[in-house]
Amino acid sequence: MEQVDLQATLMGGQCFAWEEKDGVYSAVLKGKQVSLSCAEDIQGPFLSDYFDMSFDYKAAREYLATLSPVLDQAVTTCPGLHILRQDPYLVTINFLLSQNNNIKRIKALYDTLCRSYGTEVSTGRFSFPTRDQLSKATEKELLSLKFGYRSGYIVSVVREYGRLGGLEKLSTAKARERLMTLRGIGPKVADCILVFGYHRWDAFPMDTWMRKVMCSYFPNKDGSYFAPYQALAQQYLFQSAQSGRLVC
DNA sequence: GGCCAGGCCCCAG
DNA sequence: CTGGGGCATGGC
């Protein structure tokens with residue numbers, strides 16, 4: 001039975017909603033609070049979909065392991081890493097927050113958005129603001145909440161989001177192109193939205209960590225080397241580098 | 001103080 | 001198309 005690694009999957013930089021306390025992971029999803037203390041708690045249609053339980057991760061890991069010792073090591077150490085199926089709008093706003101930033105502070109900003117514009121679903125627990133709720137935020141307000149130069153991007157993307165339309169039907173390359181027409185979404189953020197919001201495994205986000213990894217371990221190669229599992233390879237390599245398990 | 005963090009925009013060449 | 005400066009903020 002496939003065991004999801006909650007730590008790696010929920011706290012590894014795919015999403016910023018979860019907090020871990022005494023081994024219990026909790027978040028507000030779809031307006032409801034969810035708490036998980038082990039992989040067996042992943043039950044029901046919503047969580048099964050969220051954790052992408054129907055995909056054959058074993059086959060993907062076995063293939064990636066053949067590509068390089070670094071990946072072999074990574075998948076062996078952490079067999080339970082899944083790519084979540086998250087809401088595209090939420091992912092879009094989240095990765096606007098991510099640019100030139102670190103995971104800890106991205107989480108803090110995520111929390112600020114929830115508390116400032118979301119709905120309190122239980123005492124002290126807030127949902128992520130809907131598009132409608134977030135549309136009430138002004139740039140000035142966001143600046144005072146320490147969103148920095150991302151403030152303008154958030155206001156603009158919330159306003160223009162409807163323009164994206166049925167991205168699901170487009171090829172990854174076309175969808176990427178359309179995402180990048182929004183202000184504040186460049187190549188890297190677009191790729192993150194494609195992987196984490198649209199589950200496009202042929203996207204390969206290249207951030208500062210990945211640049212180092214590719215330079216050190218896969219010189220003269222790009223994401224296509226890991227096809228058809230680019231996104232999973234990326235997530236393994238990102239986490240390995242970012243947690244200091246790789247020397248770059 | 002300088003450098004860096006899941007970068008992007010804008011402007012030179 | 002490529003390179004580099006500017007941009008907000010906080011941790012180290």
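First the proteins, then the strands, lettered A, B, ... as listed; each starts at 1. All values derive from a computational prediction rather than experimental measurement.
- As judged by a 4.0 angstrom heavy-atom cut-off over every strand, A/Ile106 is placed among residues making no nucleic acid contact.
- Between A/Asp207 atom CG and B/dA5 atom C1' there is a gap of 9 Å when expressed in whole angstrom units.
- Taking the six-membered ring where the residue is Trp, A/Phe226 and A/Phe218 present perpendicular rings, their angle passing 60° and hence far from 30°.
- Ring planes of A/Phe55 and A/Tyr57: perpendicular class, angle over 60° (limits at 30 and 60°).
- Under 4.0 Å is where a charged nitrogen must lie from a carboxylate oxygen, and between A/Lys188 and A/Asp207 no such pair does.
- At the phosphate of B/dA5, neither OP1 nor OP2 sits under 4.0 Å from any side-chain N or O atom of A/Lys107.
- Using a 4.0 Å heavy-atom cutoff across all strands shown, A/Gly13 reaches at least one base atom of the nucleic acid.
- Contact annotation for A/Leu143: backbone-only contact, meaning every heavy-atom pair under 4.0 Å involves sugar-phosphate atoms and none involves a base.
- Using a 4.0 Å heavy-atom distance criterion, A/Gln235 is classed as a base contact.
- Residue A/Asn100 contributes atom CG, which lies 13 Å from atom C1' of C/dG5 at whole-angstrom precision.
- In this entry the distance linking CD1 of A/Ile103 with C1' of B/dG7 reads 15 Å, nearest Å.
- To the nearest whole angstrom, the two P atoms, one in B/dC9 and one in C/dG10, are 23 Å apart.
- Summary of the strand contacts: A/Met210 and A/Ile185 both lie near DNA chain B, and taking for each the nucleotide with the nearest heavy atom, the more 5' one is attributed to A/Met210.
- Among the protein residues, A/Phe238 comes within range of the nucleic acid bases, having at least one heavy atom under 4.0 Å from a base atom.
- Using a 4.0 Å heavy-atom cutoff across all strands shown, A/Leu182 reaches sugar-phosphate atoms only and no base atom.
- Judged purely by distance below 3.5 Å, without hydrogens or angles, the side chains of A/Asp41 and A/Ser37 pair a donor atom with an acceptor atom.
- Side chain of A/Gln99, nearest nucleotide from B/dA5, C/dA8, B/dC8: B/dC8.
- Residue A/Lys146 is classed as a sugar-phosphate contact, given heavy-atom separations below 4.0 Å to backbone atoms only.
- With a cut-off of 3.5 Å on both pairing distances, B/dG1 has no Watson-Crick or G-U wobble partner at all.
- Rounded to the nearest Å, the gap between the P atom of B/dG2 and that of C/dG5 is 15 Å.
- Rounded to a whole angstrom, the distance from the P atom of B/dA5 to that of C/dT2 is 22 Å.
- Closest to the side chain of A/Arg183, from the set B/dC8, C/dG10, B/dC10, is B/dC10.
- Evaluated for a side-chain hydrogen bond (donor to acceptor under 3.5 Å, both in side chains) with A/Thr172, the options A/Gln230, A/Glu177, A/Arg200 yield exactly one hit, A/Arg200.
- Taking the six-membered ring for Trp and the full ring otherwise, A/Tyr229 and A/Tyr236 have centroids separated by 6.0 Å or more.
- Atoms CG (A/Leu179) and P (B/dG7) sit 17 Å apart, rounded to a whole Å.
- Nucleotide C/dC7 holds its C1' atom 15 Å from the CG atom of A/Leu96, rounded to whole Å.
- The separation between A/Leu142 atom CG and C/dA8 atom P is 13 Å, rounded to whole Å.
- Two residues, A/Gln242 and A/Gly184, neighbour DNA chain B, and the one matched to the more 5' nucleotide by heavy-atom proximity is A/Gln242.
- Distance OH (A/Tyr149) to P (C/dT9): 11 Å, rounded to an integer number of Å.
- Distances shown here put every side-chain N or O of A/Arg105 at or beyond 4.0 Å from the OP1 or OP2 atom of C/dC12.
- Which of C/dA8, B/dG7, B/dC9 sits closest to the side chain of A/Tyr153 comes down to B/dC9.
- Atom-to-atom, CD1 of A/Ile154 to C1' of B/dG7 comes out at 14 Å; the value is rounded to the nearest Å.
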